[in-house]
Amino acid sequence: MGKREVSPVNEEHFLRLIEFCKEIIQICLRNGVIPIIHGSFASFYYIKDRNIKVNDIDLLIPENSYKMLIRGLKKNKIEYTYVPKWHTLIIKRGDPRVELDSKDFHYFDRERNKELPGDFKDLDFYGMKIKMLSFDSLLAFYKLAYNRSIEDKEKLFKKIKRLEKLKKIDLVMPEMAHISSH
């Protein structure tokens, strides 16, 4: 994804967001924290629909790294808010917003007492090597979020359906290639 194949409808905001996110990723990496991209950026990456808006970038990190990262944010004079209810650190610079979500909280299925599949994709994030949830892990993540959600069920349902539709297309395509080769 080093070169933009498709930009979201809010391209100008998206470009500022990418630069801000790269700065946050650098702070994470300097502190030994390896963030994992999930959320709307990951959906956009897989779906490649220009009509998707990417308003923020969500990163999963171990929750025990928040205090260390907050020191890095303060040192760099970057605004942040910790939301204990959601185990999320919201980082802003004006409009661009990056959310550091607790992998321990958001990526753990408490009903089944297990972490979701740890299937990650290596990603070239505009010149930075980073990890992102694989397609199947992102889908599992959204399904877990849907089951937990009260306010965002409709929004999450739409994301799940778009990903499932894309997955069905990918499952059909190899069969069609095989048929057309005869």
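We count residues from 1, following the sequence as given. The figures that follow rest on heavy atoms only: side chains count, while hydrogens, waters and symmetry mates do not.
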Original post:
Is there a donor-acceptor contact under 3.5 Å from the side chain of S102 to the main chain of D104?
Top reply: yes

**OP:** Could you check if a side-chain atom of I57 sits within less than 4.5 angstrom of a side-chain atom of I24, using non-hydrogen atoms only?
**Re:** no

Original post:
Is L29 close to P35 at the side-chain level, that is, under 4.5 Å between some pair of heavy atoms?
Top reply: yes

Original post:
For Y46, which residues count as a ring pair (Phe, Tyr, Trp, His ring centres under 6.0 Å) partner, sequence neighbours excluded?
Top reply: F135

**OP:** Using the six-membered ring of F14, assess whether NZ or CZ of R50 lies under 6.0 Å from its centre and within 45 degrees of the ring axis.
**Re:** no

**OP:** Compare all side-chain heavy atoms of K165 with those of I47 and state whether any distance is below 4.5 angstrom.
**Re:** no

Subject >> Enclosure of Y82 OH (heavy-atom neighbours >12, cutoff 6.0 Å) >> reply: yes

Pairs of donor and acceptor atoms involving the side chains of residues 71-79, under 3.5 Å and at least two apart or interchain, shall be tabulated with distances.
{"unit_1": "N76", "atom_1": "ND2", "unit_2": "G72", "atom_2": "O", "d": "2.7"}

Subject >> Aromatic plane relationship, F41 with Y126 - under 30° parallel, 30 to 60° tilted, over 60° perpendicular >> reply: perpendicular

Original post:
How many angstroms lie between atom CG of L60 and atom NE2 of H38, to the nearest 0.5 angstrom?
Top reply: 4.0 Å

Original post:
So how far is it from D119 CG to K131 NZ, rounded to the nearest 0.5 Å?
Top reply: 10.5 Å

Original post:
Does a side-chain heavy-atom distance below 4.5 Å link N55 with R97?
Top reply: no

Subject >> Expected output: side-chain N31 to main-chain V33 donor-acceptor under 3.5 Å >> reply: no

Original post:
S40 and K159: which non-hydrogen atoms are nearest, and at how many Å?
Top reply: CB-NZ, 4.3 Å

Subject >> Min side-chain heavy-atom separation F120-L133 under 4.5 Å >> reply: yes

Original post:
How long is the gap from NZ on K129 to CD1 on I34, to the nearest 0.5 Å?
Top reply: 14.0 Å

Original post:
Are I37 and L59 side-chain neighbours, meaning at least one heavy-atom pair lies under 4.5 Å?
Top reply: yes

Subject >> Value rounded to 0.5 Å, distance of CZ in R16 from CG in D95 >> reply: 5.5 Å

Subject >> Geometric cation-pi criterion K48 and Y45, 6.0 Å radius, 45° cone >> reply: yes

For residues 140-147, run the donor-acceptor check on the side chains, cut-off 3.5 Å, and write out each pair with its distance to 0.1 Å, sequence neighbours left out.
{"unit_1": "Y142", "atom_1": "OH", "unit_2": "G39", "atom_2": "O", "d": "3.2"}
{"unit_1": "Y142", "atom_1": "OH", "unit_2": "S43", "atom_2": "OG", "d": "3.1"}
{"unit_1": "K143", "atom_1": "NZ", "unit_2": "E164", "atom_2": "OE2", "d": "3.2"}
{"unit_1": "N147", "atom_1": "ND2", "unit_2": "K143", "atom_2": "O", "d": "3.3"}

Original post:
Can you check whether M128 reaches Q26 side chain to side chain, under 4.5 Å on heavy atoms?
Top reply: yes

Original post:
Is D101 reaching over with its side chain to a backbone N or O of H87, donor-acceptor style, under 3.5 angstrom?
Top reply: no

Original post:
Counting heavy atoms not belonging to K22, are there more than 12 under 6.0 Å from its NZ?
Top reply: yes

Original post:
Do you reckon F157 sits in the same ILVMFWY cluster as F44, going by side-chain contacts under 4.5 Å, direct or chained?
Top reply: yes

**OP:** Could you tell me whether the side chain of M132 reaches within less than 4.5 Å of the side chain of S137, counting heavy atoms only?
**Re:** no

Subject >> Distance in Å, L156 CG paired with E154 CD, rounded so as to fall on 0.5 Å steps >> reply: 10.5 Å

Subject >> Shortest non-hydrogen separation from L163 to L139 and the atoms involved >> reply: CB-CD1, 3.9 Å

**OP:** Give the intermediate values and the outcome of side chain to side chain contact (heavy atoms under 4.5 Å, CB included) for residues F105 and T88.
**Re:** CA-CA 9 Å; F105 179 78; T88 297; over 6 Å; no

Original post:
About how many Å separate CG of L100 and CD1 of I61, when rounded to the nearest 0.5 Å?
Top reply: 4.5 Å

**OP:** Apply the test side chain to side chain contact (heavy atoms under 4.5 Å, CB included) to residues D58 and H106: give CA-CA distance (whole Å), side-chain angles for both, the deciding distance (0.1 Å), then the verdict.
**Re:** CA-CA 11 Å; D58 304 291; H106 292 280; over 6 Å; no

